[in-house]
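The next block holds one structure in the form of structure tokens; read it before the comments.
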Amino acid sequence: DGVNHDKIYRIQLGAMSSITGAEKLWRQAFASSDLLLEGFDPVYREGTSGPEVVWRVQAGSFSSESSASDFCSLYKANPRNKTGCFVVRD
């Protein structure tokens, strides 16, 4: 079926020090994305960056790394989008 069931690819838009900050980042990214993020639900992943706890703001699931990367290229092409965008794999 062309779908890679072993790996799930998502995009990550940023990481914040609190879940409240992560939710705010998602709302800002969604509002500026000109509907590109329409249909995606945010995924908040708790993790660490050095000794600090962070909340990673992710979206998607993409069937391949290249489809997620293509999405990031479209997202970053819009100058209104102020967050980063890179591919992560579960």
Side-chain angles (χ1 to χ4, degrees):
D1 59 12
V3 175
N4 185 341
H5 295 284
D6 297 330
K7 299 173 186 161
I8 295 173
Y9 295 93
R10 290 190 176 94
I11 57 163
Q12 182 166 314
L13 302 175
M16 305 300 284
S17 61
S18 68
I19 187 67
T20 304
E23 291 167 339
K24 182 178 179 184
L25 183 122
W26 171 258
R27 287 191 302 273
Q28 290 171 337
F30 189 88
S32 68
S33 72
D34 292 335
L35 302 179
L36 192 60
L37 292 171
E38 185 78 31
F40 286 98
D41 290 322
V43 176
Y44 303 110
R45 292 285 174 121
E46 187 177 11
T48 57
S49 179
E52 304 297 319
V53 172
V54 295
W55 288 90
R56 296 179 175 102
V57 181
Q58 301 175 354
S61 106
F62 296 85
S63 60
S64 70
E65 185 175 10
S66 63
S67 62
S69 181
D70 290 347
F71 183 93
C72 274
S73 294
L74 282 173
Y75 179 84
K76 291 189 288 188
N78 181 343
R80 294 183 62 219
N81 295 329
K82 304 298 185 202
T83 68
C85 186
F86 60 90
V87 179
V88 294
R89 186 180 80 189
D90 265 356

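The shortest distance between side-chain heavy atoms of Ser33 and Asn78 does not fall below 4.5 Å. For the pair Thr83/Val57, no side-chain contact is recorded, criterion being any heavy-atom separation below 4.5 Å from C-beta on.
Between the side chain of Arg27 and the backbone N or O of Ala22 there is no donor-acceptor pair closer than 3.5 Å. Proximity of a side-chain donor or acceptor of Ser49 to a complementary backbone N or O of Glu52 within less than 3.5 Å is not detected. Between the Ser69 side chain and the Glu65 main chain, no donor and acceptor come within less than 3.5 Å of each other.
Residues Tyr44 and Val54 fall into different hydrophobic clusters, defined by Ile, Leu, Val, Met, Phe, Trp and Tyr side chains chained together at heavy-atom separations under 4.5 Å.
Leu36 contributes atom CG, which lies 10.0 Å from atom CZ of Phe30 (distance to the nearest 0.5 angstrom). Remark: Leu74 CG to Asp34 CG distance equals 11.5 Å, nearest 0.5 Å. The distance from the CG atom of Asp41 to the CD atom of Gln58 is 13.5 Å, given to the nearest 0.5 Å. One finds the CE atom of Met16 at 13.5 Å from the CZ atom of Arg56 (value rounded to the nearest 0.5 Å). Atom NZ in Lys76 sits 10.5 Å away from atom CG in Leu13 (nearest 0.5 Å). Here CD1 of Ile11 is found 5.0 Å from SG of Cys72. Values are rounded to the nearest 0.5 Å.
Minimum heavy-atom separation, Gly84 to Tyr75: O-CE2, 3.9 Å. Shortest non-hydrogen contact noted between Tyr9 and Ser64 is CD1-C, 3.5 Å. When every heavy atom of Trp55 is checked against every heavy atom of Ile19, the shortest pair comes out as CD1-N, 3.3 Å.
At a cut-off of 3.5 Å, with distance as the only test, no side-chain donor of Thr20 or Ser18 sits close to an acceptor on the other residue.
Scanning for side chain to side chain contact (heavy atoms under 4.5 Å, CB included) contacts around Asp90 gives Ile8, Arg10, Arg45, with sequence neighbours left out. Take Phe86 and apply the side chain to side chain contact (heavy atoms under 4.5 Å, CB included) test, not counting sequence neighbours, and it matches Gln12, Val88. Considering only residues two or more places apart in sequence or on other chains, Phe71 meets the ring-ring contact (aromatic ring centres under 6.0 Å, His included) condition with Phe40, Phe62.
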